[in-house]
Every structure is written in C-alpha cells, then in structure tokens.
Asks: 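Please find one structure pasted underneath; my questions will follow.
In what follows, residues are counted from 1 in the order of the sequence shown.
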Amino acid sequence: MTSAAEFVGVSQKFGDFTAVDDLSLTIAEGRLTTLLGPSGCGKTTSLRMLAGYSRPTAGTIRIAGRDCTRVPPERRDLGMVFQSYALFPHMTVADNVGYGLKLRRVAKEERRRRVMETLELVGLAHLAGNRPKKLSGGQQQRVALARAIAIRPKLLLLDEPLSNLDARLRVQMRAEIRRIQAETGLTVVLVTHDQDEALEMSDDMVLMRAGRVMQQGPPREVFPAPANRFVAEFLGYENFLADAEGRTLTVRPENLRVAAGAADADAPAGPGGLLLRGTVAHIAYRGADLLVTVDATDDTGAAVRLLCDVRGGAAEGLSPGGEVTVDAREGALVRLPD
Ligand SMILES: Nc1ncnc2c1ncn2[C@@H]1O[C@H](COP(=O)(O)OP(=O)(O)OP(=O)(O)O)[C@@H](O)[C@H]1O
C-alpha cells in the first residue's frame with residue numbers, strides 16, 4: 001500500500017499540556033481515513049499539523065514521501081474544508097471554486113473549464129453565478145468541497161465538514177463525499193467525533209484518546225473487535241461484565257435478548273454464550289425499538305446493569321420490576337484484554 005502521508009513520532013505540546021503524543025500513522029493513498037475520538041483527543045491538532053497550520057514540537061510529517069514538517073501550508077498541495085465553510089461572500093460560487101486555481105496562475109480558459117467540471121462533480125453547475133449567502137447550508141458545503149478539490153490536491157483534509165448540517169442532509173452528504181472521493185481517487189483525511197459517520201465513510205479509521213492512537217483499521221475489523229474498553233465504549237458497546245474466570249466481556253445492546261420470566265430450558269444461550277437472570281429497571285420507548293435496562297448479577301456474583309435494545313415485537317410481557325432472562329450468543333460476546 002502506497003502512503004500519501006505519514007506522521008512519524010509526532011508530538012504537539014501547548015506549554016505543559018501534550019495535545020498529541022508520539023503519533024505514528026500512515027495515511028494510505030486513494031483511501032478515506034478518519035481521525036475519530038471524543039472532544040479534545042487531538043484530532044484537529046493532528047490535522048492542522050498535517051495541513052501545516054501548526055508545527056509539531058517533535059517528529060516528522062511526510063506528504064507523498066517528502067518531509068514537509070517545515071513546509072508552509074500553501075506549498076503542501078492540499079485542499080481543506082473546515083466546519084465553517086469560510087467561503088468568500090463577495091465572490092460568486094464559480095469564483096470561490098476557481099480561487100485556488102487563480103492563485104496558482106492557471107490560465108483563464110483552463111480555469112473556467114476546471115471550475116465547471118468540479119461544480120458538475122458536486123452537482124452545483126446551475127448555481128455557478130450565485131453568491132454563497134443565497135445558498136442553503138448543504139449547497140455551501142458543496143461549494144467549499146468543490147473549492148478544495150478544484151486544485152486537484154494530493155490530499156483533501158476535512159475537519160468536521162458535516163457538523164453544521166441538519167441530520168438528514170448530513171447522512172446524504174456522507175454518501176456524496178464517498179461518491180466524489182471514488183470518482184476522483186483522492187486521498188481524504190476526515191476528522192469527526194461521530195462514530196456512525198466514521199463507520200459509514202471510512203476505509204480506515206483511527207480512534208484517538210488523549211493524543212494517542214487507541215486502535216486503527218477498517219471499520220469492519222475495528223467494530224466487531226474493539227481493542228480495549230475505551231474503544232468499546234466509544235463504539236457503543238454499553239454492557240461490560242465479567243465471566244466466571246473474572247475476565248471482562250462486552251456485548252452490544254442489540255445483541256442481548258430479553259425474555260419475560262425465569263430462564264427457559266428450551267432457550268439457553270448455547271455453549272460459551274451468556275445467560276443471566278435479572279429484573280427490569282426501566283423501559284425507554286424509542287419508536288421502532290425499546291431500550292430495556294435490566295439489573296442482573298454476572299458470573300462472579302457482581303451486580304451489573306445491562307442495556308438491551310429490543311425490537312418492538314420482542315418486548316411482549318416486559319414491564320418495570322418484572323423478572324427476565326437475558327441471553328446472548330457466544331459470537332456476540334467480545335472479550336477485552338485486562
Ligand atoms: N493553541 C492551543 N493552545 C492550547 N491548547 C490547545 C491549543 N489547541 C488545542 N489545544 C488543546 O489540545 C487538546 C486537543 O485539541 P484538539 O482541538 O486537537 O481536539 P479535538 O480532538 O479536535 O477536539 P474537538 O472535537 O473538540 O475539536 C484540547 O485539550 C485543546 O484544548
């Protein structure tokens with residue numbers, strides 16, 4: 001796999017505070033990599049160092065094999081879209097998109113051609129003559145994207161680009177960015193704190209905490225096998241308990257089954273599975289499903305509170321205070337290192 005960019009032992013300190021701690025990471029060419037993690041984990045700081053807006057206190061940043069650690073942003077050949085799209089209000093959409101080409105002294109005709117080609121790509125050619133303030137949030141977001149990719153950068157950096165859009169549009173734009181990336185073959189680095197966004201959009205995801213990488217890999221590898229409790233919690237595993245040997249297990253709410261009454265001999269968990277008795281503490285109605293909180297005891301005798309995501313039809317007979325059996329297949333249980 002060719003690398004489009006690399007962080008090699010990169011740290012960033014602000015006074016005594018270490019925002020990014022000895023980060024080593026390879027961004028693969030032609031893929032979409034997300035930096036994912038809770039607020040303050042160092043995602044934006046890492047992206048700003050890659051962009052050249054912030055110089056690392058230690059380590060090396062390479063772009064396309066070249067040491068860029070001390071190269072200013074405008075000479076790194078990259079496009080960037082921020083959370084606030086930062087469009088130029090006094091310019092038309094076409095002029096916004098052509099701005100980077102003009103700076104690079106691309107001839108007028110060629111510029112016009114590339115601006116229109118890029119606007120076609122993001123589906124906005126018909127708005128080329130409009131000013132940004134006449135556009136909706138989603139359209140402005142596309143203009144910002146078009147402006148960043150018109151220069152055909154080596155790397156496209158996106159910092160929470162969808163967080164200002166309403167929920168429906170955000171989901172549409174996830175697919176749209178993926179389409180554009182597939183059509184252009186661009187290498188994209190996306191910063192987000194939204195695990196659904198990262199799972200849906202990433203070829204590779206990098207989970208960060210306190211300036212360090214906790215786990216990285218394709219979503220289909222990371223999601224079913226979180227490396228530690230932090231990653232599991234961040235990806236919504238919710239339930240943590242001990243097996244008979246005292247090892248930590250985690251299981252997702254949607255992988256727990258709840259049945260009213262005490263354990264039924266006909267429906268055991270199966271070898272290696274989980275089977276616990278408990279009492280319903282709370283039921284939250286969520287439309288298509290119910291979130292049922294069950295107080296139970298794990299195999300070491302410790303009290304555990306389990307969150308079970310139950311489809312509407314499977315909730316019959318469940319009520320607060322009622323006795324229930326909770327079970328999970330072996331395949332649904334993830335063992336975490338101690
Ligand atoms: N210029 C700065 N001076 C001092 N501290 C800073 C500076 N920039 C960032 N930090 C701190 O570094 C840490 C990491 O910040 P960063 O913005 O990279 O986090 P993040 O993961 O992108 O979070 P968010 O999603 O909230 O933007 C935070 O604790 C932040 O307060």
Side-chain angles (χ1 to χ4, degrees), residues 1-37 40-83 86 99-106 114 144-145 147-161 177 180-181 184-192 198 201-218 222:
M1 204 189 300
T2 323
S3 80
E6 281 166 278
F7 291 83
V8 187
V10 170
S11 295
Q12 178 65 276
K13 292 191 178 193
F14 299 111
D16 285 344
F17 178 74
T18 305
V20 174
D21 193 4
D22 195 21
L23 177 69
S24 290
L25 184 64
T26 300
I27 309 290
E29 194 169 281
R31 290 169 73 89
L32 190 151
T33 300
T34 48
L35 304 182
L36 173 69
C41 72
K43 311 178 291 285
T44 296
T45 304
S46 302
L47 200 73
R48 285 174 54 80
M49 290 192 288
L50 185 54
Y53 295 115
S54 165
R55 182 162 307 166
T57 31
T60 304
I61 289 177
R62 290 199 198 103
I63 299 175
R66 179 168 76 117
D67 182 346
C68 283
T69 317
R70 287 164 195 284
V71 173
E74 64 277 10
R75 290 183 40 222
R76 291 190 181 201
D77 200 7
L78 34 85
M80 186 141 182
V81 177
F82 301 93
Q83 189 173 340
Y99 183 76
L101 297 171
K102 199 169 177 182
L103 283 185
R104 285 166 176 75
R105 300 181 199 283
V106 174
R114 276 173 56 181
L145 202 56
R147 185 177 60 182
I149 60 186
I151 58 166
R152 295 181 187 154
K154 279 203 192 80
L155 269 178
L156 176 62
L157 310 185
L158 307 175
D159 191 356
E160 303 264 7
I177 291 176
I180 292 166
Q181 194 239 346
T184 55
L186 269 169
T187 304
V188 180
V189 184
L190 171 90
V191 160
T192 181
M201 295 181 71
S202 312
D203 292 306
D204 298 302
M205 54 195 245
V206 179
L207 258 125
M208 296 179 68
R209 178 197 199 183
R212 292 180 155 266
V213 174
M214 292 287 108
Q215 191 170 358
Q216 65 184 95
V222 173

Asks: Any idea which heavy atoms bring K43 and V191 closest together, and the distance?
Replies: CB-CG1, 3.6 Å
Asks: Does the pair M208 and S46 meet the rule for a side chain to side chain contact (heavy atoms under 4.5 Å, CB included), with working shown?
Replies: CA-CA 10 Å; M208 296 179 68; S46 302; 3.7 Å; yes
Asks: Just verifying a value: how many Å separate L35 CG and E160 CD, rounded to the nearest 0.5 Å?
Replies: 10.5 Å
Asks: Taking everything shown except F82 itself, do over 12 heavy atoms lie less than 6.0 Å from its CZ?
Replies: yes
Asks: If you define the side chain from C-beta out and look only at heavy atoms, does anything of V10 sit under 4.5 Å from T69?
Replies: no
Asks: Would you say that T34 contacts L32 through its side chain, given a criterion of any heavy-atom pair below 4.5 Å between the two side chains?
Replies: yes
Asks: Please confirm whether the backbone N or O of D22 pairs with a side-chain atom of S11, one donor and one acceptor, at under 3.5 Å?
Replies: yes
Asks: Carefully, step by step, assess M201 and Q181 under the rule side chain to side chain contact (heavy atoms under 4.5 Å, CB included).
Replies: CA-CA 10 Å; M201 295 181 71; Q181 194 239 346; over 6 Å; no
Asks: Counting N and O atoms only, with roles assigned by atom type, does the side chain of R76 sit under 3.5 Å from a partner on the main chain of C68, one being a donor and the other an acceptor?
Replies: yes
Asks: Any chance you could measure Q215, atom CD, to R209, atom CZ, to the nearest 0.5 Å?
Replies: 13.0 Å
Asks: Dump the intermediate steps for side chain to side chain contact (heavy atoms under 4.5 Å, CB included) on Q12 and T18, then the final yes or no.
Replies: CA-CA 6 Å; Q12 178 65 276; T18 305; over 6 Å; no
Asks: Are L156 and T184 packed together at the side-chain level, in the sense that at least one heavy-atom pair is separated by less than 4.5 angstrom?
Replies: no
Asks: State, yes or no, whether a side-chain contact exists between V20 and F7 at a heavy-atom distance under 4.5 Å.
Replies: no
Asks: Is there side-chain contact between I63 and D77, with at least one heavy-atom pair below 4.5 Å?
Replies: no
Asks: When you measure from the side chain of E6 to the backbone N and O of T26, does any donor-acceptor pair fall under 3.5 Å?
Replies: no
Asks: Does any N or O in the side chain of T57 come within less than 3.5 Å of the main-chain N or O of K13, such that one atom is a donor and the other an acceptor?
Replies: yes
Asks: Of all the heavy-atom pairs spanning T187 and A4, show the shortest one and how long it is.
Replies: CG2-CB, 3.6 Å
Asks: Are any non-hydrogen side-chain atoms of V71 and R66 less than 4.5 angstrom apart?
Replies: yes
Asks: Please tell me if the side chains of P161 and L145 come closer than 4.5 Å, counting only heavy atoms from C-beta onward.
Replies: no
Asks: Do you know which two heavy atoms are closest between A150 and R114, and how far apart they sit?
Replies: O-NH2, 3.2 Å
Asks: Return the minimal non-hydrogen interatomic distance between T192 and A198, and the atom names on each side.
Replies: CG2-CB, 4.1 Å
Asks: At their closest point, which heavy atom of G65 faces which heavy atom of R62, and how far apart are they?
Replies: O-CD, 3.7 Å
Asks: On a heavy-atom basis, which atom in D159 and which in L47 lie closest, and how many Å separate them?
Replies: CB-CD2, 3.7 Å
Asks: Are any side-chain N or O atoms of S24 and backbone N or O atoms of G9, one a donor and one an acceptor, separated by less than 3.5 Å?
Replies: yes
Asks: When you compare the side chain of L101 with that of I151, does any pair of heavy atoms fall below 4.5 Å?
Replies: yes
Asks: What residues form a salt bridge (charged side-chain N to carboxylate O under 4.0 Å, His left out) with D203, not counting sequence neighbours?
Replies: R178
Asks: Could you pull out all residues at least two apart from T33 that satisfy side-chain contact (heavy atoms from CB on, under 4.5 Å)?
Replies: I27, D204, V206
Asks: Spell out, as yes or no, whether a donor-acceptor pair under 3.5 Å connects the side chain of R48 to the backbone of T44.
Replies: no
Asks: For R55, what residues pass the salt bridge (charged side-chain N to carboxylate O under 4.0 Å, His left out) criterion, not counting sequence neighbours?
Replies: none
